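Just below is one structure, and these are the notes that go with it.
As the structure is a prediction and not an experimental result, all values here were calculated from the model. Chain A is the first sequence line, chain B the second, and so forth, proteins listed ahead of strands; every chain is numbered from 1.
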Amino acid sequence: MTGPLAWFARRGPVGKPRIVPELPDVESFRQVFAAHAVKRPISGVDVLDAGVLRDVTADRLSRTLPGQRFSEPRRHGKWLIAPVGSHAVILHFGMTGSLYWTGPGEQPHRHDRVIFAFPDGELRYRDMRKLQGLRLVDSPRGVDDVLADVGPDATEVSRERLRELLDGRRKQVKAALTDQSIMAGIGNLLADEILWRARIHPRTSCVHLGRDELARLDAAMGRVLRQSIKAGRVPVTKSWLTGRRDDPSGSCPRCGTLLAHDRTGGRTTTWCPHCQPDEPVQPR
DNA sequence: TTGCATGTTCCGGA
DNA sequence: GTCCGGAACATGCA
């Protein structure tokens with residue numbers, strides 16, 4: 001077998017899906033953080049691997065935080081911001097990060113990189129690949145600096161705003177959706193899911209999106225985000241594209257057509273050739 | 001042993 | 001200026 005499907009087939013049977021954090025996952029991390037780590041005194045910070053620290057040393061982190069209390073964390077796109085006194089801890093989870101709560105003193109997982117200890121348990125930042133990491137900045141200025149090039153959170157983008165954000169861009173619509181400087185929170189998986197629901201080919205240039213396409217895009221984005229946030233992740237079910245994309249013989253949940261796969265920018269793109277025909281359509 | 005992985009950033013070239 | 005592809009980052013897996 002040659003062509004775009006070759007690498008796909010080589011992967012063999014469907015492996016267990018790896019959870020790469022996108023907006024809904026980070027939202028669930030925020031909820032874990034808010035439920036356990038807010039307004040309680042931080043008793044200690046244990047940096048098990050300083051390789052995840054960005055612009056801060058292990059020493060400074062573990063000298064600054066103990067005795068302080070986090071206030072309510074907020075999420076912006078795939079970033080999690082946790083104010084603490086005059087500072088803020090900013091977390092990004094890259095492709096393999098997560099955040100979870102354990103009882104006090106449990107054996108660390110080997111990918112636990114930083115542990116925030118509290119009287120009744122521990123908040124743990126786990127990340128296998130260390131592609132991103134954790135910062136300590138002055139708040140709010142340092143937060144603004146880190147998020148300076150990040151667009152509005154995808155859950156807060158209205159249809160009109162979406163039109164403005166994509167207006168006049170020649171960029172492919174999938175590249176635009178996953179461009180965090182245009183709009184924050186949508187990753188490869190969500191973008192494919194949204195475009196599939198909106199019946200828009202991922203390579204469609206934004207300038208070719210008509211009023212109808214934009215309306216469908218907005219509706220699909222809202223629906224996919226709401227349902228994913230509710231589920232705490234992008235649902236991997238048979239009625240979602242996400243549930244089929246890892247299967248080389250996967251078919252469109254809507255029409256049964258064999259799904260198409262390709263790679264752009266080093267990322268896999270999955271779409272239905274029937275529901276998402278190549279470049280449309282009416283000019284705007 | 002090799003190539004791939006759902007994120008981000010940087011660089012060169014069109 | 002805009003856009004794209006490729007590489008890099010670090011690690012595990014098939």
Problem set entry | Charged N-O contact under 4.0 Å between Arg216(A) and Asp212(A) | no
For this session: Report yes or no: do Lys171(A) and Ser205(A) form a side-chain donor-acceptor pair below 3.5 Å?
Result: no
For this session: Give, for atom CD of Glu122(A) and atom OG1 of Thr102(A), the distance between the pair rounded to the nearest 0.5 Å.
Result: 4.5 Å
Sort me out a list of protein N/O and nucleotides 4-9 of chain C N/O pairs below 3.5 Å, or just none if empty.
| residue | atom | partner | partner atom | Å |
| --- | --- | --- | --- | --- |
| dC4(C) | OP1 | Gln172(A) | N | 3.3 |

Between the protein and nucleotides 9-14 of chain B, list the N/O to N/O atom pairs that are separated by less than 3.5 angstrom.
none

Exercise. What is the distance, rounded to the nearest whole Å, between atom CZ of Arg135(A) and atom C1' of dT8(B)?
Worked result: 10 Å
For this session: Can you figure out which of dC3(C), dG12(C), dG7(B) approaches the side chain of Glu22(A) most closely?
Result: dG7(B)
For this session: Under 4.0 Å from any atom of DNA chain B, heavy atoms only: list the residues of residues 224-232 of chain A that qualify, in numerical order.
Result: none
For this session: Taking atom C1' in both dC3(C) and dT6(B), compute the distance separating them and give it to the nearest angstrom.
Result: 23 Å
Exercise. Of all the nucleotides listed (dG12(C), dC3(C), dG7(B)), which has the minimum atom distance to the side chain of Arg169(A)?
Worked result: dC3(C)
Problem set entry | Nucleotide dG1(C), atom P - distance to CD1 of Ile182(A) in whole Å | 16 Å
For this session: Starting from P on dA5(B), measure out to CG on Asp127(A) and report it in whole angstrom.
Result: 18 Å
For this session: Specify the separation, in whole Å, of atom CG of Asp246(A) and atom P of dT6(B).
Result: 9 Å
Exercise. Is there any ring-ring contact (aromatic ring centres under 6.0 Å, His included) pair reaching into residues 30-52 of chain A, and which pairs are they, with sequence neighbours excluded?
Worked result: Phe33(A)-Phe70(A), His36(A)-Trp101(A)
Seminar exercise, completed: Here the distance between atom P of dT8(B) and atom CZ of Arg54(A), to the nearest Å, is 13 Å
Exercise. Do His261(A) and Thr270(A) have side-chain atoms, one donor and one acceptor, less than 3.5 Å apart?
Worked result: yes
Exercise. In whole angstrom, what separates Met128(A)'s CE from dT6(B)'s P?
Worked result: 12 Å
Exercise. Do NZ/NE/NH1/NH2 and the carboxylate oxygens of Arg126(A) and Asp112(A) come within less than 4.0 Å?
Worked result: yes
For this session: May I ask you to decide whether Arg163(A) forms a salt bridge with Asp218(A), counting only side-chain N to carboxylate O separations under 4.0 Å?
Result: no
List the atom pairs, donor and acceptor, that lie under 3.5 Å between side-chain atoms in residues 146-153 of chain A and the rest of the protein, sequence neighbours left out.
| residue | atom | partner | partner atom | Å |
| --- | --- | --- | --- | --- |
| Asp153(A) | OD1 | Arg75(A) | NH1 | 2.6 |
| Asp153(A) | OD1 | Gly77(A) | N | 2.6 |
| Asp153(A) | OD2 | Arg75(A) | NH2 | 3.3 |
| Asp153(A) | OD2 | Thr155(A) | N | 3.0 |
| Asp153(A) | OD2 | Thr155(A) | OG1 | 2.4 |

Problem set entry | N-O pairing of Asp278(A) and Arg203(A) below 4.0 Å | no
Exercise. Within 45° of the ring axis of Trp240(A) and under 6.0 Å from its six-membered ring centre, is that where the NZ or CZ of Arg197(A) lies?
Worked result: yes
Problem set entry | Atom-to-atom span, NE2 of His261(A) to P of dC4(B) - whole angstrom | 16 Å
Problem set entry | Tyr100(A)/Tyr125(A) aromatic ring centres below 6.0 Å | no
Problem set entry | Separation of atom CD1 in Ile19(A) from atom P in dG7(B), rounded to whole Å | 14 Å
Exercise. Using Watson-Crick and G-U wobble pairs whose two distances are both under 3.5 Å, how do you write the pairing of DNA chain C as dot-bracket, with | for links to another strand?
Worked result: .||||||||.||||
Exercise. Hey, is Arg233(A) close enough to Asp25(A) for a salt bridge, meaning N to O under 4.0 Å?
Worked result: no
